[in-house]
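Notes follow once the structure below has been shown.
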Amino acid sequence: MKNKIIVTGGCGYIGSHTVIELLENNYDVVILDDLSNSTEDTLDRILKITGTKPTFVNVDLKDETATKAIFQKHKDAKAVINFAAHKAVGESVKEPLMYYRNNLYSLINVLSSQIENNIEGFIFSSSATVYGTPETLPITEKDETQRPFSPYGNTKKIAEEIIDDVIKSNSNLQSISLRYFNPIGAHESGLIGELPSGIPNNLMPYITQTAAGIREKLMVYGNDYPTKDGTPIRDYIHVVDLAKAHVLAVERILKKEQDEAFEVFNLGTGNGFSVLDVINSFEKVTNSKLNYEIVERRPGDVPKLYAATNLAKEKLGWSADKSLDEMIKSSWDWEQKFRKQNTN
Ligand code: WQD
């Protein structure tokens, strides 16, 4: 019997890559997704890559009755991986209630439905944004969290606090929160990758769309930060490396290897790269020049953020091994293949 895992948001960017890793590691997958920022043809792409089409339910997880009914139907599941959430930082500043309602109602409905059905494992898709502006680097999981700049980021911090409280009240729930640094890249098949709707907020898709001629020019938000070249430093991590960590987190819970009922791990490479490093690597890998301009700082950006990675290595047996050049090449391959698929 295969172990069944419920994946909310499984048609999205990180969710779909994780579904592939789960299927390739012999799990049964049920995807719950409202397709608000993804499309159903992801399922066919997953089928092409893995030979399996996961079970799919189109559901709005803000709907408590509908969520409970689905969990009742899949109560033989062993764990839930919760990716479903809105994630655009700028939009969350303009529409905070939409973000709190979507990201937190869905979390509450999922947690209560799984507790009702005795599904013990819960893996949460968190973010390095919960560290706010850190005082020391690299950031360890023991460092204090701070109120993030954006409502989006705050939903991640509040969600971790909710999980912590629920765990303390319910001895059966076992949870791992994975704090992602900056996920980039795409599956090597070129069949799935990041598909931001509208103008991208994040650096990597903005670069690839600029190089593909969809955007005129990349705006580099400030070069007067206290870093080696003045542009902010981030810890970019390949999405497939990230996806693999979720499988290891599921295993850790199912094998009852946790030290505590609620654990938190950073998922990054531990290497910091500046915006100009990323641009230089992109130009080298693609042998082309990128059109960009240095402009004012973007509000809320922290100067430097990179992970301490030893805890994930020690406890999950996980580390990221893709280089910046490999990550960037894979983002660019996806951009090109995706545009080709969609102009044919
Ligand atoms: C990286 C660097 C920008 C765009 C955000 C969220 C985080 C997580 C990932 C996701 C910064 C610079 C960017 C551009 C630029 N959430 N930049 N021009 O801000 O580290 O993290 O995304 O769901 O919670 O906060 O990532 O890719 O937006 O920016 O110069 O057009 O690139 O200033 O220094 P960030 P990013």
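Each ligand, and each atom within it, is numbered from 1 in the order the structure gives. Worth saying up front: this structure is predicted, and the values here are computed from it rather than measured. Only this structure's heavy atoms are used, side chains among them; waters, hydrogens and symmetry mates stay out.
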Only pairs under 3.5 Å count here: list side-chain donor-acceptor contacts from residues 307-316, not counting sequence neighbours, and write none if there are none.
unit_1, atom_1, unit_2, atom_2, d
Lys315, NZ, Asp259, OD2, 2.6

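- With a 6.0 Å cutoff to the six-membered ring centre and a 45° limit on the axis angle, Arg234 does not count as a cation-pi contact of Phe273.
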Inset, instruction - Give the C-alpha distance, both sets of side-chain angles, the deciding distance and a yes or no for side-chain hydrogen bond (donor to acceptor under 3.5 Å, both in side chains) between Asn223 and Thr231. - result: CA-CA 5 Å; Asn223 67 349; Thr231 63; over 6 Å; no

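- Tested against Tyr206 for a side chain to side chain contact (heavy atoms under 4.5 Å, CB included), the candidates Ile199, Ile214, Asn201 yield a single pass: Ile199.
- If you look at His86 and Tyr100, their ring centroids are not closer than 6.0 Å.
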Starting from the N and O atoms of ligand 1, find every protein N or O within less than 3.5 Å and list the pair with its distance.
unit_1, atom_1, unit_2, atom_2, d
ligand 1, 16 (N), Tyr152, OH, 3.4
ligand 1, 18 (N), Met219, O, 2.7
ligand 1, 19 (O), Arg298, NH2, 2.9
ligand 1, 20 (O), Asn182, ND2, 3.0
ligand 1, 20 (O), Arg234, NE, 2.6
ligand 1, 22 (O), Asn202, ND2, 2.8
ligand 1, 23 (O), Tyr152, OH, 3.3
ligand 1, 24 (O), Ser127, OG, 3.2
ligand 1, 26 (O), Asn182, ND2, 3.1
ligand 1, 27 (O), Asn202, ND2, 3.3
ligand 1, 27 (O), Leu203, N, 2.8
ligand 1, 28 (O), Asn201, O, 3.4
ligand 1, 28 (O), Asn202, ND2, 3.1
ligand 1, 28 (O), Arg298, NH1, 3.4
ligand 1, 28 (O), Arg298, NH2, 2.9
ligand 1, 29 (O), Arg298, NH2, 3.4
ligand 1, 30 (O), Met219, O, 3.3
ligand 1, 30 (O), Tyr221, N, 3.0
ligand 1, 33 (O), Asp301, OD2, 2.6

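- Across all their heavy atoms, Tyr27 and Leu254 have their closest contact at CE2-CD1, 4.1 Å.
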